[in-house]
2 protein chains.
Amino acid sequence: MDDFTRKMAQAFDAAPIGMAVSHHRVLSMCNTSFAEMLGYDRANLLGQSFRILYPSHAEFDRVRDIGLKAMEEQGSYSDERMMRRKDGVPVWCRFRARTLTPGDPLGHLVMSFAPIRDQLDGAQLTKREREVLSGLSRGLTSKEIGRELGLSPRTIEDVRARLLRKFEVKNTSELLSRMSYARPTS
Amino acid sequence: MDDFTRKMAQAFDAAPIGMAVSHHRVLSMCNTSFAEMLGYDRANLLGQSFRILYPSHAEFDRVRDIGLKAMEEQGSYSDERMMRRKDGVPVWCRFRARTLTPGDPLGHLVMSFAPIRDQLDGAQLTKREREVLSGLSRGLTSKEIGRELGLSPRTIEDVRARLLRKFEVKNTSELLSRMSYARPTS
DNA sequence: ATCGTGTACGGTATCAATACCGTATAACCA
DNA sequence: TGGTTATACGGTATTGATACCGTACACGAT
């Protein structure tokens, strides 16, 4: 076998970041970091739908759409999102994806997942809080998020205020900078 | 050839994040993203010392030591660092590494490099922009940042508007979700 | 020598965010 | 059973953000 190919495969598997490949939202390949991050054995993960790796079915449906346009136009997309470990514990990740089939973005995807924090300093986020946070990180206003979720803007403001209290920050900007990349930990 | 291996190699090469393998600080393998990020052809990069990928020899020496202890103890290390593109332009990256030889951490390294400002390659921030961004990430208002820098709040709003234009984002929240927390490097 | 850009500042106008006041329901827990 | 929390929504009031209008100066590149 080609030594070049073998080296690349070894690097993929030993990568310090979670990596995965999907075809139409079904996992066809992943590396050790990815399986470990989510608490599975790789063998049990391959062939599974990504559905089981998200906190809920609604979340699974939601994340399908939000990067589609960017993927069609630029071929890649990045955001921050919550994944669900096998034991149910949420993992907040920086997510990056590149599609190999721009006409059908979800046809063949290569993704990377970098855990931002394991448990968000103990603060658990509710489903609503995750949904709102997702909108905020995309620059949406409370009104726009309300429309997206079929709720009153007033309710979004409540969730937003709860997030600010939980993380003890002054405003949304500080909140999002805290939810961004992890600080060096060692 | 093993189909499993081939799939992993393909995923490595198409990854949405820069990846590289080194033996004693000499690049032995990298993917397309990595070569593109730094402005090289992969063929010209393999076999080269990492020296040419850092802004200076001093920086090259400095980064050698800072992760060694963590790598010996946990096998992995992560920070943010400046890389140097072929044309000399600096690229600010989130860097992650895992060693496959914990006794001799630099013996065999697998690394990932994620450009932090991936939305606008080549855009450098001015000193003022970094200063303002630092304030924003700490949740300060324009008025507070102005006080901190001894400037009119009006001027801070100008810098802010320029940042929004540069990164093509709608508001400060979206800006900060795309940036790492800012640190003034001036 | 003009052009572009960054810097710095003033004004005005509008919308968004935040912080309060209030009510109400549903879930869970001790 | 009562206490807490999350959800959901209404009003009002204040501050902040954003987008325009304008001027001015410094600097580097073509």
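Within every chain, numbering begins at 1; the chains are lettered A, B, ... in the order of the sequence lines, protein sequences first and strands thereafter. Every heavy atom of this structure was used, including side-chain atoms; hydrogens, water molecules and symmetry mates were not.
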Reading 5' to 3' through nucleotides 23-30 of chain C, protein heavy-atom contacts under 4.0 Å coded B for base, S for sugar-phosphate only, - for none:
--------

Letter per nucleotide, 5' to 3', of nucleotides 13-21 of chain D [B base touched, S only sugar-phosphate touched, - untouched; heavy atoms, 4.0 Å]
---SSB-BB

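A straight line from CZ of A/R147 to P of D/dC9 spans 15 Å, rounded to a whole angstrom. Taking atom CG of B/L149 as the reference point, atom P of C/dA8 lies 9 Å away to the nearest angstrom. As a whole-Å value, the separation of A/R128 CZ from D/dC9 P is 8 Å. Distance CD (B/E174) to P (C/dA16): 15 Å, rounded to an integer number of Å. If you take CG of B/L163 and C1' of C/dT5, they are 14 Å apart, rounded to a whole angstrom.
When atom types are taken as modelled, the side chain of B/R42 and the backbone of B/C30 share a donor-acceptor pair closer than 3.5 angstrom. For A/N171 (side chain) and A/E174 (main-chain N/O), a donor-acceptor pair under 3.5 Å exists by modelled atom type.
Note on B/S152: every side-chain N or O is 4.0 Å or more away from OP1 and OP2 of C/dA8. Dashed line: the shortest gap from a side-chain N or O of A/R165 to OP1 or OP2 of C/dA19 is not under 4.0 Å.
Surrounding CD of A/E72 are more than 12 heavy atoms belonging to other residues, nucleotides or ligands, all under 6.0 Å away.
Judged by the 6.0 Å and 45° rule, A/R25 forms a cation-pi pair with A/F60.
In this model, no donor atom of one side chain and acceptor atom of the other lie less than 3.5 Å apart for A/R130 and A/S134.
Look at A/K170 and B/E144 and you find no salt bridge, because none of the NZ, NE, NH1 or NH2 atoms lies under 4.0 Å from a carboxylate O.
By the salt bridge (charged side-chain N to carboxylate O under 4.0 Å, His left out) test, A/E131 is found to be paired with A/K127, A/R128, residues two or more places apart in sequence or in another chain being considered.
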Let's go through A/T101 and A/H108 carefully: what are the C-alpha distance in whole Å and the side-chain angles of both, what is the deciding distance for side-chain hydrogen bond (donor to acceptor under 3.5 Å, both in side chains) to 0.1 Å, and is it a yes or a no?
CA-CA 6 Å; A/T101 50; A/H108 191 175; over 6 Å; no

